[in-house]
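Every number for a ligand or one of its atoms is a count from 1 in the order of the listing. Computed from a predicted structure; not experimentally measured.
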Amino acid sequence: MLSTKGYAAQAAGVPLAPWEFQRRELNPHDVQLDIIYCGVCHSDLHQARDEWGNGIFPMVPGHEIIGRVSKTGDHVKRFKVGDTVGVGCLVDSCRECDYCHDGLEQYCLKGNSQTYNGLEQDKKTPTYGGYSNMIIVHEDFVLHIPENLPLQGVAPLLCAGITTYSPLRHWKVGKGHKVAILGLGGLGHMAVKFASSFGAEVTMLSTSPSKEADARKLGAHKFVLTTHEESLNAVKGYFDFILDTVSAPHNYDLYLSLLKTDGVHICVGAPPAPTQIMGFNLIMGRKSLVGSLIGGLPETQEMLNYCGEHDIISEVEVIHMNYIETAYERMLKGDVRYRFVIDMATL
Ligand code: NAP
Ligand code: ZN
Ligand code: ZN
């Protein structure tokens, strides 16, 4: 076993603190990487505080990982020592079911292995994430990083990027569509960049008036303050799509009223409490309320290549590892511009 340094929550809601733990020895198809940067996703906070009720502790969060390959197993073909690579939200899956065959490992029928707060495919060994100095991952779950982009800005693409790219592609959002992005945080700011890059008319729906100028710089054509009734009324029945990235419970009925007939409200934000929805708000206007989970490995590579070709990165604030609890508190207040990324040299 290989001794690894990280930051962990020892139990639900206990502040993260330094922790040494063991990772497996390198298998023939494994890649070992020294972690350079790790993004901070709101899912890290939800899980470290066990808000979804599925926490495995001690927990080392982090699934937006950029690292340099330090060793490769004997059979590894796609990577060599010194390569800069990425690891996202998944480190394994059954590889046999229909979804795995289609590159949709996130929907693996036998249960994928999440990068942290998950289990390896033996269904007993816990996984530990990127708030650590080193990780070992099967080469099939390691991604190539475009060479022309700054690494801090690439780390968040591994979750915030793919989670917004995937549904926009699945529902073929582009030219001629009016799309609203709900919530301007880590996911929201990537959604604005992708939706405008795909040619849609993009409106930012936000609770924070102070984010308007940034939203426009990121590519939004319009900005609507959701706490201002008149501004909301002006966009009733206006949108083809809403991409909802909000992390806290909110009023879905209100946002459904902003959709056209046949409009689609896509949930990627995962609030930790259930919400009631009035069926009539779907019925009147044949509207759809749908969801989407991260993205599979082939699509994540496609998204990274797209970002390389179109110079798309995340706007980041680089932090020290010991700033993590403050970063979480700021995230809860909506004070993220627009993704915290941990410089792992500070571990
Ligand atoms: P984040 O950076 O904290 O951004 C969330 C944004 O939502 C905030 O900046 C804020 O934007 C808005 N917001 C927060 N509380 C709100 C409230 N009560 N009412 C209305 N708006 C509110 O979080 P993130 O990292 O982007 O993650 C967002 C959510 O997506 C989390 O629940 C996370 O777990 C989930 N997630 C899901 C997937 C998936 O596969 N589906 C993957 C990754 C993350 P404004 O200031 O603009 O209002
Ligand atoms: Zn995430
Ligand atoms: Zn599978």
Non-hydrogen side-chain atoms of Ile342 and Phe340 separated by less than 4.5 Å:
no
Tell me: protein heavy atom nearest atom 15 (N) of ligand 1, and distance?
Ala248 CB, 3.7 Å
Any heavy-atom pair between the side chains of Arg23 and Ser132 that's under 4.5 Å?
yes
Kindly determine whether Thr300 and Tyr165 satisfy side-chain contact (heavy atoms from CB on, under 4.5 Å), including the steps that lead there.
CA-CA 9 Å; Thr300 305; Tyr165 181 94; over 6 Å; no
Can you establish whether the number of heavy atoms outside Lys5 located under 6.0 Å from its atom NZ is more than 12?
no
Please identify which of these residues, Lys217, Lys193, Lys211, Arg337, meets the salt bridge (charged side-chain N to carboxylate O under 4.0 Å, His left out) condition with Glu315.
Lys193
When you look at Asn305 and Gln301, which way does the side chain to side chain donor-acceptor pair (under 3.5 Å) test go after all the steps?
CA-CA 6 Å; Asn305 298 347; Gln301 190 62 62; 3.1 Å; yes
With a 4.5 Å heavy-atom cut-off, do Thr203 and His221 have their side chains touching?
no
Which value, rounded to 10°, describes the SG(Cys94)-the Zn ion (ligand 3)-SG(Cys97) angle?
110°
Closest to atom 22 (C) of ligand 1 (judged by heavy-atom distance), picking from Val246, Thr164, Asn251:
Val246
What are the atoms of ligand 1, with element, lying closer than 4.0 Å to any heavy atom of Thr245?
5 (C), 28 (C), 29 (C)
Short N/O distance, under 3.5 Å, between Met204 and ligand 1?
no
Strictly below 4.0 Å, N to O, side chains only: are Glu229 and Lys236 in salt-bridge contact?
no
Within-shell test, Phe340 vs ligand 1, heavy atom, strictly < 4.0 Å:
no
Do any of the N/O/S atoms of Cys100, backbone or side chain, fall under 2.8 Å from the Zn ion (ligand 3)?
yes
Relative to the heavy atoms of Ser206, which atoms of ligand 1 are at a distance of less than 4.0 Å?
45 (P), 46 (O), 47 (O), 48 (O)
Closest protein heavy atom (residue, atom, distance) for atom 26 (O) of ligand 1
Leu187 N, 2.8 Å
Nearest protein heavy atom to atom 23 (O) of ligand 1, by residue and atom, and its distance?
His42 CB, 3.1 Å
For ligand 1, is any non-hydrogen atom under 4.0 Å from Lys211's backbone (N, CA, C, O), its side chain (CB onward), both, or neither?
side chain
Identify, for atom 32 (O) of ligand 1, the protein heavy atom at the shortest distance, and state residue, atom and that distance.
His46 NE2, 2.8 Å
Identity and distance of the protein heavy atom lying nearest atom 39 (C) of ligand 1:
Thr163 CG2, 3.4 Å
For atom 43 (C) of ligand 1, closest protein heavy-atom neighbour
Cys159 SG, 3.3 Å
Do Asp44 and Tyr116 pass the side chain to side chain donor-acceptor pair (under 3.5 Å) test, and can you show the C-alpha distance, the side-chain angles, and the key distance before you say yes or no?
CA-CA 9 Å; Asp44 300 350; Tyr116 72 88; 2.6 Å; yes
May I ask you to identify the nearest protein heavy atom to atom 30 (O) of ligand 1, giving residue, atom name and distance to one decimal place in Å?
Gly269 CA, 3.3 Å
On a heavy-atom basis, I'd like to know which of Cys41, Ser43, Pro271, Cys267 is closest to atom 36 (N) of ligand 1.
Ser43
Short N-O contact, Lys333 and Glu329, less than 4.0 angstrom
no
Quick one: which ligand 1 atoms are inside 4.0 Å of a heavy atom on Thr207?
20 (C), 21 (N), 45 (P), 46 (O), 47 (O), 48 (O)
For Ser292, atoms of ligand 1 separated by under 4.0 Å from a heavy atom:
39 (C), 40 (O), 41 (N)
Just wondering, do Leu218 and Leu184 contact through their side chains at under 4.5 Å, heavy atoms?
yes
Using the side-chain contact (heavy atoms from CB on, under 4.5 Å) rule, take Leu119 and Ile56 through it: C-alpha gap first, then chi angles, then the decisive distance, then the call.
CA-CA 9 Å; Leu119 297 174; Ile56 302 170; 4.2 Å; yes
Should you measure from each heavy atom of Val268, which atoms of ligand 1 turn up under 4.0 Å away?
30 (O), 35 (C), 36 (N), 37 (C), 38 (C), 39 (C), 41 (N)
Of the listed options Gly295, Gly183, Ser247, closest to atom 5 (C) of ligand 1 (non-hydrogen atoms):
Ser247
Could you verify whether a donor N or O on one side chain and an acceptor N or O on the other, from Asp244 and His265, lie under 3.5 Å apart?
yes
Suppose I only count heavy atoms of Arg339 and a 4.0 Å limit; which atoms of ligand 1 are within that range?
24 (P), 25 (O)
A student checking ligand 1 against Leu293 at a 4.0 Å heavy-atom cut-off should list atoms 40 (O)
Considering only the protein, which heavy-atom contact is closest to atom 11 (O) of ligand 1, and what is its distance?
Leu184 N, 3.1 Å
Could you work out, for atom 6 (C) of ligand 1, the closest of Gly88, Gly185, Cys89, Pro272 by heavy-atom distance?
Gly185
Atoms in ligand 1 flagged as close to Trp52, the criterion being non-hydrogen separation under 4.0 Å:
34 (O)
Does one side chain, of Asp92 or Gln121, offer a donor that lies under 3.5 Å from an acceptor on the other?
no
Using a strict cut-off of less than 4.0 Å between a Lys/Arg side-chain nitrogen and an Asp/Glu carboxylate oxygen, indicate whether Asp240 and Lys178 qualify as a salt bridge.
no
N/O/S atom of Cys41 under 2.8 Å from the Zn ion (ligand 2), yes or no?
yes
Any N, O or S atom of His63 closer than 2.8 Å to the Zn ion (ligand 2):
yes
Looking only at side chains, do Arg169 and Ser292 share a donor and an acceptor under 3.5 Å apart?
no
